[in-house]
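I have placed the structure first, in the form of structure tokens, so that the comments after it can refer back to it.
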Amino acid sequence: MHQYTAPTAALQHKVILITGAGDGIGKEAALTYARYGATVILLGKTTNKLAAVYDEIMAAGGAEPAIVPLDLKGATAKHYHDLAATIQTEFGRLDGILYNAGKLGVLSPFTHIDLDTWQEVMQVNVTSAMLLTQALIPLLSKADNASIIFTSSGVGRKGRALWGPYAVSKFATEGLMQIIADEYDNSGIRVNCINPGATRTNMRARAYPGEDPQTLKSPAQLMWLYLYLMSDDSKGVTGQSLDAQPK
Ligand code: NAP
């Protein structure tokens, strides 16, 4: 599976929702999924970033995307149920979700963790995905082969000093993925995590300001795994946490 090569029409006729689709890894995944034939639903905080991804997909001849400007920090179950109803009306189906939006919060010693930061990171990184999955399960259940991909991190598998809220949110993400995967085992819905590894994005630059970004892999170099888990070639793979930069 390492460095999987997807057939050019791997995602033809699929409708895929991507959170945090305006920047970094999520932007690259949206462009890649569209290039492989998917109709993508671009969810994110900053509308003009989503509009730029929309324009890029249209200019490349992709299927027309949908834009969902939504700040996951303040979104409630009602927003997610409304989104599910809109997807049902507009597309009549949903084949995949990539939970990619993420917030780093503040890196600080444990004793300095501020409750507002803690709750905001949990809300954006974990709670939003839990609520959105609850709202979208009925649509996903209608697809022949549905795929949910969560985004983890190395610090979501082994804790690291100073990474408090973010690391705990990624441990929780791994747990949420395992629970949903187990509940939907032997169904048409598979659920997995990707740990991107160190990747050249704004988030990484904020966490490691002294690092030369050119020493890091670009989001495009990770897309083999994002394509594998979203395509039917990964049918039967569920409950796994996979590395986009395996050692
Ligand atoms: P990024 O460039 O900072 O992009 C994060 C995306 O999430 C942006 O599109 C951002 O939207 C969106 N987002 C943040 N807060 C949001 C909110 N409240 N509501 C809606 N959208 C929100 O980060 P990235 O590096 O691509 O990260 C993508 C995922 O990979 C994250 O889950 C991250 O934890 C994970 N990850 C990254 C690395 C790495 O080295 N880069 C390593 C391990 C894991 P705006 O641009 O509009 O704010």
Side-chain angles (χ1 to χ4, degrees), residues 17-32 40-54 56 65 67-76 79-80 83 97-107 116-117 119-129 131-132 148-160 163-174 176-177 192-223 225-226 229 241-246:
L17 171 68
I18 299 131
T19 72
D23 215 334
I25 296 167
K27 173 181 178 177
E28 189 63 39
L31 296 171
T32 303
V40 289
I41 303 171
L42 310 169
L43 187 153
K45 184 155 56 77
T46 311
T47 307
N48 61 10
K49 289 187 184 181
L50 301 175
V53 178
Y54 174 102
E56 212 173 311
I67 290 183
V68 183
L70 187 63
D71 187 339
L72 298 171
K73 180 178 143 191
T76 63
H79 290 99
Y80 301 131
L83 174 59
I97 309 172
L98 170 60
Y99 289 118
N100 160 85
K103 191 173 170 62
L104 181 63
V106 180
L107 302 187
D116 286 346
T117 303
Q119 286 176 333
E120 198 177 309
V121 169
M122 294 303 159
Q123 177 69 30
V124 172
N125 294 4
V126 189
T127 311
S128 65
L131 292 172
L132 194 43
I148 304 176
I149 304 173
F150 286 92
T151 306
S152 181
S153 166
V155 296
R157 295 179 184 160
K158 184 168 193 324
R160 190 182 306 159
W163 284 71
Y166 178 84
V168 173
S169 77
K170 295 301 188 182
F171 270 92
T173 297
E174 296 266 358
L176 183 61
M177 176 278 288
N192 296 284
C193 257
I194 292 178
N195 168 22
T199 310
R200 196 187 313 148
T201 67
N202 291 336
M203 183 187 286
R204 176 76 189 186
R206 286 219 349 272
Y208 294 91
E211 183 177 67
D212 176 2
Q214 293 314 316
T215 62
L216 302 172
K217 289 253 165 48
S218 69
Q221 290 173 286
L222 318 179
M223 287 301 124
L225 183 56
Y226 286 76
L229 285 180
S241 189
L242 301 173
D243 290 327
Q245 300 184 47

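Since we're looking at a predicted model, the values are computed, not measured. Whatever order the structure lists ligands and atoms in, that order sets their numbers, starting from 1. Excluded from the calculations below are hydrogen atoms, water molecules and symmetry mates; all remaining heavy atoms, backbone and side chain alike, are included.
In this structure, the side chain of T151 engages the main chain of Y99 through a donor-acceptor pair within 3.5 Å. For Q221 (side chain) and S218 (main-chain N/O), a donor-acceptor pair under 3.5 Å exists by modelled atom type.
Which parts of ligand 1 touch Y166 is read off a 4.0 Å heavy-atom cut-off, strictly below it: atoms 33 (C), 34 (O), 35 (C), 36 (N), 44 (C). Near K73, meaning under 4.0 Å from any of its heavy atoms, are these atoms of ligand 1: 18 (N). Interface of K49 with ligand 1, defined as ligand atoms under 4.0 Å from a residue heavy atom, comprises 45 (P), 46 (O). Every atom of ligand 1 with a heavy atom of G24 under 4.0 Å away is listed here by number and element: 2 (O), 26 (O). Less than 4.0 angstrom separates some heavy atom of R204 from each of these atoms of ligand 1: 40 (O), 41 (N). Contact atoms of ligand 1 toward P196: 30 (O), 36 (N), 43 (C), 44 (C) (distance under 4.0 Å to a heavy atom of the residue). Near A198, meaning under 4.0 Å from any of its heavy atoms, are these atoms of ligand 1: 40 (O).
Within the 4.5 Å cutoff, the side chain of T19 has heavy atoms near those of the L132 side chain. Using a 4.5 Å cut-off on side-chain heavy atoms (C-beta onward), R204 and E211 make contact. At a threshold of 4.5 Å between non-hydrogen side-chain atoms, the residues K49 and L42 do not count as touching. Contact annotation: the side chain of M177 approaches that of S241 to within less than 4.5 Å [non-hydrogen atoms, C-beta and beyond]. Residues K45 and L72 form no side-chain contact, since every pair of their non-hydrogen atoms from C-beta on lies 4.5 Å or further apart. For the pair K73 and K103, the minimum side-chain heavy-atom distance is 4.5 Å or more.
Nearest heavy-atom pair across P196 and I194 is CD-O, 3.5 Å. When all heavy atoms are compared, the tightest approach of A244 to L222 is CB-CB, 4.0 Å. Contact detail for A29 and L98: the closest heavy-atom pair is CB-CD2, 3.5 Å. Of all heavy-atom pairs spanning F150 and A129, the tightest one is CE2-CB, 3.7 Å. Among all heavy-atom pairs drawn from R200 and L216, the shortest one is NH2-O, 2.9 Å.
Close to ligand 1: S152, with a non-hydrogen atom less than 4.0 angstrom away.
Of the protein's non-hydrogen atoms, G102 O, 4.1 Å is the one closest to atom 5 (C) of ligand 1. G20 O, 3.2 Å is the protein heavy atom nearest to atom 9 (O) of ligand 1. Closest protein heavy atom to atom 35 (C) of ligand 1: T151 CG2, 3.5 Å. Among all protein heavy atoms, the one lying closest to atom 19 (N) of ligand 1 is L72 N, 2.9 Å. In terms of protein heavy-atom proximity, atom 13 (N) of ligand 1 is closest to A101 CB, 4.0 Å. With respect to atom 41 (N) of ligand 1, the closest heavy atom belonging to the protein is T201 OG1, 3.0 Å. From the protein, the heavy atom lying nearest to atom 38 (C) of ligand 1 is G197 O, 3.9 Å. In terms of protein heavy-atom proximity, atom 47 (O) of ligand 1 is closest to T46 OG1, 2.5 Å.
One option in T199, T173, D23, L70 has a heavy atom closer to atom 20 (C) of ligand 1 than any other, and that option is L70. Atom 37 (C) of ligand 1 has its nearest heavy-atom neighbour, among I25, I18, L104, in I25. Proximity annotation for atom 17 (C) of ligand 1: of D71, N125, N100, D71 comes nearest, heavy atoms only. Ranked by closest heavy atom to atom 27 (O) of ligand 1, the top entry among K27, K45, M203 is M203.
Within 6.0 Å of NZ on K170 lie more than 12 heavy atoms contributed by other residues, nucleotides or ligands.
With a 4.0 Å heavy-atom cut-off, ligand 1 is reached by no atom of A207. Of all the heavy atoms of R200, none lies under 4.0 Å from any atom of ligand 1, so neither backbone nor side chain is involved.
Between K170 and ligand 1, at least one pair of N/O atoms sits closer than 3.5 Å.
For atom 44 (C) of ligand 1, a protein non-hydrogen atom is found at a distance below 4.0 Å.
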